Amino acid sequence: MAKAPRQPARPWRSLARGAGLAACLWLAGQGAAADILRAEYTDPTTRYAHGVLGDAIEYGALELVLDDGTRLRAVLPEDLVFEDIAPRLADLDGDGDAEVVTVEASQTGGGRLAIWDETGRIGATPHIGQPNRWLAPVGAADLDGDGAVEIAYVDRPHLARVLRVWRFEGGALTEVAALEGFSNHRIGWDYIEGGIRECGDGPEMVLASGDWRRVMAVRFDGALSARALGDYSAAAVARALACR
């Protein structure tokens with residue numbers, strides 16, 4: 001059953017924290033004060049029958065390596081899995097220390113975005129609401145320049161195709177914007193396409209249109225606004241992310 005963890009299509013272009021209590025405890029080194037150096041999913045499992053990422057395997061545990069050499073491991077309860085490409089290191093609160101952004105899926109509620117640090121799970125969005133419904137992260141950045149970090153994802157990139165933006169501020173996640181008509185993943189892909197770019201005039205999210213015909217650049221400045229960059233292709237998305 002074991003296999004190498006899926007790898008993200010592209011690194012997040014900015015670092016990203018959240019609010020809440022961990023549902024499970026670290027099995028070693030709980031409460032360590034060191035910073036997170038690496039994160040990976042472990043404990044491959046077939047207990048969540050969805051397969052949106054191209055196979056039947058998801059993950060049941062998250063392991064962190066801290067910069068003092070400490071290793072931490074959290075095991076999810078049986079009704080949850082990490083349905084994801086790979087965990088993402090991100091500094092959401094601006095303190096210079098990374099947190100970990102993940103996608104969890106529930107046997108009854110489907111996907112949600114969840115944030116972990118060395119103390120456990122510290123924040124999560126609500127589950128989508130039914131099993132076999134997923135979300136695909138776009139990235140994290142201070143999208144509107146107000147000093148707080150926003151996290152963006154596409155809610156059900158194969159069905160609803162809604163871009164949602166959540167702000168992390170004061171230890172809480174709050175949804176601040178949503179706009180229909182976008183995607184960043186096709187069923188069976190073992191990667192997520194697009195991300196956040198910075199071409200000198202503020203961050204923009206790069207995604208496909210919901211019908212996969214156009215490459216779109218989306219800004220958040222209190223509200224979401226989108227413009228087409230050209231016809232869709234994987235190469236066009238890569239050029240857009242590289243500011244070409």
Side-chain angles (χ1 to χ4, degrees), residues 6 8-10 12 41 45-59 76 79-88 101-115 123-140 143 150-167 173-196 204-220 223-229 231-234 236-237 240-241:
R6 305 178 183 115
R10 310 179 194 283
W12 280 23
Y41 297 132
T45 178
T46 58
R47 67 178 181 245
Y48 187 70
H50 191 196
V52 74
L53 290 165
D55 58 35
I57 297 172
E58 308 307 338
Y59 299 95
L76 293 178
D79 63 336
L80 285 175
V81 297
F82 292 107
E83 188 179 20
D84 200 3
I85 307 296
R88 304 150 188 84
V101 179
T102 69
V103 180
E104 298 177 359
S106 160
Q107 298 282 5
T108 57
R112 70 176 177 185
L113 194 83
I115 303 165
T125 64
H127 289 283
I128 289 171
Q130 66 183 93
N132 297 342
R133 297 295 183 267
W134 185 66
L135 62 88
V138 176
L143 294 175
E150 286 80 36
I151 308 173
Y153 62 78
V154 179
D155 176 356
R156 292 159 290 173
H158 323 115
L159 295 170
R161 301 181 178 91
V162 178
L163 175 63
R164 298 191 184 277
V165 177
W166 292 72
R167 177 176 291 133
L173 281 167
T174 303
E175 187 173 7
V176 293
L179 188 62
E180 296 182 358
F182 303 94
S183 190
N184 58 350
H185 184 267
R186 284 176 161 164
I187 293 174
W189 281 2
D190 63 354
Y191 60 93
I192 296 170
E193 196 168 62
I196 297 178
E204 290 185 309
M205 294 169 275
V206 176
L207 309 98
S209 58
D211 59 9
W212 289 92
R213 293 183 178 180
R214 308 288 279 174
V215 178
M216 306 296 295
V218 186
R219 288 182 176 269
F220 174 69
L224 290 167
S225 59
R227 60 190 175 92
L229 299 178
D231 293 341
Y232 169 79
S233 69
V237 172
L241 286 172

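Because the structure is a prediction, the values reported are computed rather than measured.
Side chain of T102 to backbone of A114: a donor-acceptor contact under 3.5 angstrom is found. Side-chain N or O atoms of Q130 include none that pairs as donor or acceptor with a backbone N or O of G109 at under 3.5 Å. Judged by distance alone, the side chain of Q107 and the main-chain N or O of R47 form a donor-acceptor pair under 3.5 Å. Using a distance-only test at 3.5 Å, with no hydrogens or angles considered, no donor-acceptor pair links the side chain of H185 to the main chain of A136. For the pair R161 (side chain) and G210 (backbone), a donor-acceptor distance under 3.5 Å is present. Side-chain atoms of Y48 never come within 3.5 Å of backbone atoms of I57 as a donor-acceptor pair (strictly under, hydrogens ignored).
For the pair R214 and D231, the salt-bridge criterion is met [side-chain N within less than 4.0 Å of a carboxylate O].
Here the CG atom belonging to L207 is positioned 9.0 Å from the CH2 atom belonging to W212, to the nearest 0.5 angstrom. Rounding to the nearest 0.5 angstrom, the gap separating the CD1 atom in I192 from the CG atom in L53 is 7.0 Å. Rounding to the nearest 0.5 Å places CG of L179 at 11.5 Å from CZ of F220. If you take CZ on R112 and CD1 on I128, they are separated by 11.5 Å, rounding to the nearest 0.5 Å. Rounding to the nearest 0.5 angstrom, the gap separating the CZ atom in R88 from the CD1 atom in I115 is 11.5 Å. Note: Y153 OH to L113 CG = 6.5 Å, rounded to the nearest 0.5 Å.
Using a 4.5 Å heavy-atom cutoff, the side chains of R213 and Y232 are not in contact. Using a 4.5 Å heavy-atom cutoff, the side chains of F182 and V218 are in contact. Under the 4.5 Å side-chain criterion, counting only non-hydrogen atoms from C-beta, W134 is in contact with V103. Side-chain atoms of H50 and E83, non-hydrogen and from C-beta on, do get closer than 4.5 Å to each other. Annotation: side chain of V101 is not in contact with side chain of P87 (no heavy-atom distance under 4.5 Å). Taking 4.5 Å as the limit, some side-chain heavy atom of V237 sits within range of a side-chain heavy atom of V206. With a 4.5 Å cut-off on side-chain heavy atoms, L163 and N184 do not count as touching. The shortest side-chain heavy-atom distance between E204 and R227 falls under the 4.5 Å cut-off.
Aromatic ring orientation, W189 versus Y191: parallel (interplanar angle below 30°, classes split at 30° and 60°).
Across every non-hydrogen atom of L143 and E150, the tightest pair is N-OE1, 2.7 Å. The minimum heavy-atom distance linking V162 with A178 is given by the pair CG1-CB, 4.1 Å. Taking every heavy atom of both residues into account, G110 and H127 meet most closely at O-ND1, 2.8 Å. The two residues P137 and L135 make their nearest non-hydrogen contact at CD-O, 3.8 Å. In this structure, A124 and L173 approach most closely via the heavy-atom pair N-CD1, 3.8 Å.
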*asked:* For V81 and Y59: C-alpha separation, side-chain torsions, deciding distance, then whether side chain to side chain contact (heavy atoms under 4.5 Å, CB included) applies.
replied: CA-CA 6 Å; V81 297; Y59 299 95; over 6 Å; no
*Worked check of side-chain hydrogen bond (donor to acceptor under 3.5 Å, both in side chains) between Y41 and D84*: CA-CA 9 Å; Y41 297 132; D84 200 3; 2.5 Å; yes
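Looking at residues two or more places apart in sequence or on another chain, you find no salt bridge (Lys or Arg N to Asp or Glu O under 4.0 Å) involving R186. Take R164 and apply the side-chain hydrogen bond (donor to acceptor under 3.5 Å, both in side chains) test, not counting sequence neighbours, and it matches D155, E175.
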